[in-house]
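One structure, as structure tokens, below. Some questions next.
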Amino acid sequence: MTYAKFVAQIVATVASAAIVALTGDGTFSDVELINIANAGVAAFGVLYVGNATTSPIAKTVVAALSAVLTLLVNLVADGVTLSEWLQLVVAALGALGVYAFANRPATTSPVTPSA
């Protein structure tokens with residue numbers, strides 16, 4: 001599947017939003033919204049970073065940087081809630097999911113000359 005890494009990061013983004021909706025007070029704080037936005041931006045980063053043999057972990061680096069940014073946002077905020085810790089765990093799992101899928105470039109079909 002060409003988009004497996006992107007799908008892994010999208011799942012992490014949706015899970016991040018679902019965690020906030022289902023845990024704690026059920027409202028989206030500023031920090032939780034920033035974490036969700038960060039995961040969404042990471043998904044597009046994973047989508048647009050190319051699959052190349054010269055940089056086999058580039059997509060994983062993008063996802064890992066998103067997890068680190070999620071950690072930094074949580075540390076800067078005044079106290080960390082259960083929802084925010086769970087979002088951090090999901091961000092880390094999302095990066096691991098991106099890493100777990102094989103780095104396959106899109107295949108092109110060979111052009112056959114017409115007779």
request  = Ignoring hydrogens and angles, tell me if any N or O in the side chain of Ser16 forms a donor-acceptor pair with the backbone of Ala12 under 3.5 Å.
outcome  =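 Not confirmed, Ser16 side chain does not pair with Ala12 backbone.
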
inquiry  = Quick check: is Ile34 connected to Leu65 through a chain of hydrophobic side chains (ILVMFWY, heavy atoms under 4.5 Å apart)?
reply    =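 No, separate clusters.
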
Leu96-Val89 co-clustered via ILVMFWY side chain contacts under 4.5 Å =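 The answer is yes; both residues are in one hydrophobic cluster.
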
message = How long is the straight-line distance from OH of Tyr99 back to NZ of Lys5, given to the nearest 0.5 Å?
response =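 So the gap between those two atoms works out to 8.5 Å.
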
inquiry  = On a heavy-atom basis, which atom in Ala43 and which in Thr13 lie closest, and how many Å separate them?
reply    =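 The answer is CB-OG1, 4.3 Å.
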
Leu88 and Trp85, any side-chain heavy atoms less than 4.5 Å apart =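 A side-chain contact exists here, since the closest heavy-atom pair is under 4.5 Å.
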
task = Would you give the length of the straight line joining atom CD of Glu84 to atom CG of Leu71, rounded to the nearest 0.5 angstrom?
result =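 Rounded to the nearest 0.5 Å, the CD-CG separation comes out at 11.5 Å.
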
message = To the closest 0.5 Å, what do you measure between CG (Asn35) and OG (Ser29)?
response =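 It is 8.0 Å, given to the nearest 0.5 Å.
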
ask   = Is the closest side-chain heavy-atom distance between Asn38 and Val73 below 4.5 Å?
value =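 No, too far: nothing below the 4.5 Å cut-off.
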
inquiry  = Under a 3.5 Å distance rule, please check whether Ser66 uses its side chain to pair with a backbone N or O of Ala42 as donor and acceptor.
reply    =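 Absent.
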
ask   = In the single-linkage hydrophobic clustering (I, L, V, M, F, W, Y; side-chain heavy atoms under 4.5 Å), do Leu33 and Val31 co-cluster?
value =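 Cluster IDs for Leu33 and Val31 differ.
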
request  = List the atom of Ile36, the atom of Ala17, and the distance in Å for their closest heavy-atom pair.
outcome  =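 For Ile36 versus Ala17, the nearest heavy atoms are CD1-CA, 3.6 Å.
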
key: Spacing of Asn74 atom CG and Glu32 atom CD [to the nearest 0.5 Å]   =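 These two atoms lie 9.0 Å from each other.
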
ask   = Atom CG in Leu86, atom CG in Leu93: separation rounded to 0.5 Å?
value =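 These two atoms lie 10.5 Å from each other.
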
ask   = Above 12 or not: heavy atoms from other molecules or residues under 6.0 Å from CZ of Phe28?
value =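 More than 12 within 6.0 Å, yes.
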
task = Rounded to the nearest 0.5 Å, what's the gap from CZ on Phe6 to CZ on Phe101? Could you check?
result =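 Reported value, rounded in 0.5 Å steps: 13.0 Å.
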
ask   = Would Val68 and Val76 show up in the same hydrophobic cluster when neighbours are defined by side-chain heavy atoms closer than 4.5 Å?
value =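 As far as the 4.5 Å side-chain criterion goes, Val76 and Val68 are not connected within one cluster.
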
For Ala58 against Val49, the heavy-atom pair lying closest together =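 Looks like CB-CG1, 3.4 Å.
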
inquiry  = With clusters defined by side-chain heavy atoms of hydrophobic residues (ILVMFWY) lying less than 4.5 Å apart, directly or transitively, does Leu82 cluster with Val90?
reply    =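 Result: yes, single cluster for both.
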
